[in-house]
Amino acid sequence: MDKSNPFGTHYAYLIPKEGVFLTGHNAAPFELNKNISFIEQALFYTDDLKKQTISVDGKDSILLYIDSLVDQEIIQTHILATLYKKTDSGSHQMFTTLNSQKDTDLRNAADSLIEGYSILMVDGAEEFYILSSEKTYARSTDEPENEGIIRGPHNGFIEQLSVNLNLIRKQIISTSLIVRYFYVGSKTRTKVAIMYMQDLANPELVEEVEKRIKAISFDLVLPPGFIQEFTEGNPFSLFPQQLSTERPDRVQLFSPISPKMEKTS
């Protein structure tokens, strides 16, 4: 996204004229709940969309962001701390340490969220804020030794789930990419995420994967191979039923899941 003009020129804006607002497509209404509902639907209720309610000048407000894409230090130190200290009703100048911009088109809000921006909405306001909050990880995500390539990105997954989700979302920038969280293991409470494209994945296949993950009932669930064994439909088959990779770009390669893909019994 071009930081000087992160929203492009192809979006419709809400233009005031003599007290009447000429609305483009999906322009922001004043009701906070309707705005939130639109964003949730645009992102297909993905689990990594986080909502934090706050009060700005005595008005109900909400901060929206994609958990795997934002820097929590920026959220806490530069956004929430600023809002908690804010007493002046003038608004655009309150975020002096961040790149911020006002907007009225809710499509821009959804597009900005999946690129690591945060959205601040205030009940009754005619505009919302798009705040720069992208996460840059300090640890190098080195190329996997077993999947080295000459051309293409030279990075790979690591042990931290949030980093891996960040790598995939940076590869597949789409509002159709959904994250669903699960916890397996009654003692370890291991956090597991499945990701899929809402408009491409076979709903029956997604439902079956979720069902098999929820059916895992063990005290300790640690290695990924353990989960893989319990989600295979036919473990004695001569043909692979799942693919394992350490490369985010390989996940992107297989992201257009065919709606005709059959689930295994």
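Both backbone and side-chain heavy atoms feed into the values below; hydrogens, waters and symmetry mates do not. Everything numeric here is computed off the predicted structure, so don't read it as measured data.
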What I'd like to find out is whether the side chain of [X] reaches to under 4.5 Å of the side chain of [Y], using heavy atoms alone.
| X | Y | result |
| --- | --- | --- |
| E134 | E115 | no |
| T53 | D60 | no |
| I114 | R169 | yes |
| V122 | K59 | yes |
| L177 | I168 | yes |
| L106 | M121 | yes |
| L220 | F218 | no |

Exercise. Does NZ or CZ of K191 fall inside the cone over Y181's six-membered ring, less than 6.0 Å from its centre and within 45° of the axis?
Worked result: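 So K191 does make the cation-pi contact.
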Under 4.0 Å between a side-chain nitrogen and a carboxylate oxygen: does that hold for [X] and [Y]?
| X | Y | result |
| --- | --- | --- |
| R247 | D249 | yes |
| E208 | R212 | yes |
| R180 | D47 | yes |

Exercise. With a 3.5 Å cut-off and no angle check, do the side chains of E159 and N164 form a donor-acceptor pair?
Worked result: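 There is no such pair (donor and acceptor under 3.5 Å, judged by atom type) between the side chains of E159 and N164.
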